[in-house]
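Start at 1 and go down the list; that is how both ligands and their atoms are numbered.
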Amino acid sequence: MAQTKRATFGSKIGVVLATVGCAVGLGNIWRFPYMLGDNGGAAFLLVYIGCILFLGIPVMITEFFIGRYSHKNVAGAFKAIAPGTKWSIIGYNGVLAAFLILGYYSVVSGWTLEYIVQACGGSLAGKDASDFANEFTNFSTSVFRPILWTAVFIILTHVIIISGVKEGIERASKVMMPVLFLILIALCIRSLTLPGANEGLTFLFQPDFSKIDSSVVLSAMGQAFFSLSIGMGCLVTYASYFGKNTNLQTTALQVTILDTLVAVLAAVMIFPAVFNFGIEPTAGPELVFITLPNVFEQLPFGNIWSFVFFVLLALAALTSTISLHEVSTAYIHEEYHISRKKAAILVSIGVFIVGVICSLSMGIWSAYKIFGLNIFDFVDFVTAKIMLPFGGMMICIFVGKRIEKNLLREEVTNHGSIRFYFFNTYAFFVKYIAPILIGLIFLNETGLFRAIFN
Ligand code: PHE
């Protein structure tokens with residue numbers, strides 16, 4: 001492909017940490033543990049690891065291929081590779097998904113800031129489980145504070161984005177990701193030294209195979225996609241900043257391993273503590289905002305643990321909001337020839353509006369429903385359960401149908417300079433297996449699977 005002068009990440013470690021930052025987020029620390037709790041613990045973990053290996057890695061390499069080969073934003077990439085065709089819809093789907101996800105993701109990210117401030121001020125102390133539940137509901141349904149924190153989170157993201165790819169995204173990721181790992185390990189050690197740790201570990205690591213059914217398998221696949229940020233252009237956009245020597249295969253492997261490690265460590269941090277205090281592991285999405293502060297406050301120096309935990313959550317969220325923001329910013333900047341700064345301002349304002357609507361829909365606007373869901377849940381449903389699997393499936397079909405196998409091989413082996421041992425298996429997977437499996441996730445997540453097969 002013709003290459004114009006374009007920003008690139010400066011170092012190998014920068015590439016990996018920025019991409020891990022994109023993948024590691026609320027999905028690992030908030031969503032993964034409660035999905036695991038809901039779906040039977042160790043059995044879910046096993047299936048999840050299978051999905052990561054057989055679906056996650058091949059699709060991630062494929063997204064890297066599109067980004068690095070085209071050196072363009074996700075919409076521009078499809079236009080450049082297949083000019084004048086409808087394939088560019090995949091790119092637009094990605095830009096729109098990233099923009100909408102960023103809207104509601106910023107709201108949840110903003111909540112973490114509220115909890116950081118509360119932990120600092122000591123106001124989490126001396127409460128019991130029902131206090132935590134009431135306060136969370138009062139806070140998340142109120143008008144002003146959640147919107148304020150959403151705005152603060154978007155501004156933080158904005159500042160990093162306008163500093164550029166190398167100076168902003170890469171530098172921030174290089175600092176934030178190691179800090180995130182350190183905090184996570186400290187919290188795991190704390191949790192593992194609690195008296196009830198064994199029970200939590202048994203739940204996590206001793207599979208009960210009778211728990212595995214089609215719904216567990218399909219939920220695990222959906223979670224794998226969300227967690228690896230597959231299907232909506234973040235990985236394509238980041239890969240467009242990879243250098244020509246970046247090894248796409250090892251980068252995909254490293255990112256996947258680190259993302260999975262963070263998810264497993266998050267579960268190791270949470271479940272022993274949950275069992276220690278006799279709390280149900282199936283507490284659902286509130287696990288992190290209601291159950292955990294309750295768990296921490298029962299420990300010595302509870303406020304400090306809560307503070308450290310919510311900083312961890314905020315950092316993880318921030319490295320993901322950057323990647324979501326970058327998808328739309330790069331698109332507007334490159335396709336409409338507007339400066340990067342102006343493009344970022346447009347995106348931030350737009351995302352703030354979506355965030356405000358999502359936030360209010362939890363409270364004063366909760367009566368407005370679309371297909372029975374409030375706007376927040378509707379946006380989550382449409383993006384995570386329809387647009388992401390659609391994007392992932394179409395990316396595989398696109399590469400399987402439109403891209404010559406030799407061209408694919410050239411790009412993923414850096415023109416023959418690195419080996420790809422299972423290239424044919426990989427190409428077969430991307431062309432046939434992945435689209436079918438992703439199609440099944442899609443049917444499951446939208447509820448169509450049950451409607452058809454039950
Ligand atoms: N992977 C992120 C997480 O685990 C979420 C995300 C999805 C980020 C899609 C970017 C794109 O939280």
| said: Using a 4.0 Å cut-off to any heavy atom of Ser227, which atoms of ligand 1 qualify? | reply: 1 (N), 4 (O)
| So, for Phe371 and Phe381, is the gap between ring centers shorter than 6.0 Å? | no
| field | Distance-minimising heavy-atom pair for Ser142 and Pro146 | value | OG-CD, 3.3 Å
| query | Which ligand 1 atoms are under 4.0 Å away from a heavy-atom of Met232? | reply | 9 (C), 11 (C)
| field | For atom 7 (C) of ligand 1, the option (of Phe226, Tyr238, Phe32) bearing the nearest heavy atom | value | Phe226
| query | Which is it for Leu324 and ligand 1 at heavy atoms under 4.0 Å: side chain, backbone, both or neither? | reply | side chain
| request: Using atom types as modelled and distance alone, determine if a side-chain donor or acceptor of Ser361 lies under 3.5 Å from a backbone N or O of Phe376. | output: yes
| request: Verify the distance criterion only: is there a donor paired with an acceptor across the side chains of Ser348 and His325 at less than 3.5 Å? | output: yes
| request: Taking only heavy atoms of Cys22 into account, list the atoms of ligand 1 that are under 4.0 Å away from them. | output: 1 (N), 2 (C), 8 (C)
| message | Does ligand 1 come near enough to Asn28 that some N or O of the ligand is less than 3.5 Å from an N or O of the residue? | response | yes
| said: Assess whether a salt bridge exists between Glu170 and Lys166, defined as any Lys/Arg side-chain N lying under 4.0 Å from an Asp/Glu carboxylate O. | reply: no
| query | Applying the side chain to side chain contact (heavy atoms under 4.5 Å, CB included) test to Val308, which of Leu184, Ile116, Ile183 qualifies? | reply | Ile183
| Heavy-atom distance to atom 8 (C) of ligand 1: which of Cys234, Ser229, Gly21 wins? | Ser229
| field | Pair Phe398 and Trp87, ring centroids less than 6.0 Å apart | value | yes
| Arg31 contact mode with ligand 1 (heavy-atom cut-off under 4.0 Å) | neither
| query | Below 4.0 Å from any atom of ligand 1, is there a heavy atom belonging to Trp30? | reply | no
| query | Where do Phe139 and Met362 land on the side-chain contact (heavy atoms from CB on, under 4.5 Å) test, with the steps shown first? | reply | CA-CA 10 Å; Phe139 162 69; Met362 316 272 296; over 6 Å; no
| With a cut-off of 4.0 Å, which atoms of ligand 1 are near a heavy atom of Ala23? | 1 (N), 2 (C), 3 (C), 4 (O)
| request: Give a yes or no on whether the ring-centroid distance for Phe136 and Trp111 is below 6.0 angstrom. | output: yes
| request: Report yes if some N/O of Gly27 lies less than 3.5 Å from some N/O of ligand 1; otherwise report no. | output: yes
| message | Using a plain distance cutoff, I'd like to know if Ser323 has any nitrogen or oxygen under 3.5 Å from a nitrogen or oxygen of ligand 1. | response | no
| request: State the atoms of ligand 1, each with its element, that fall below the 4.0 Å cut-off from a heavy-atom position in Leu26. | output: 12 (O)
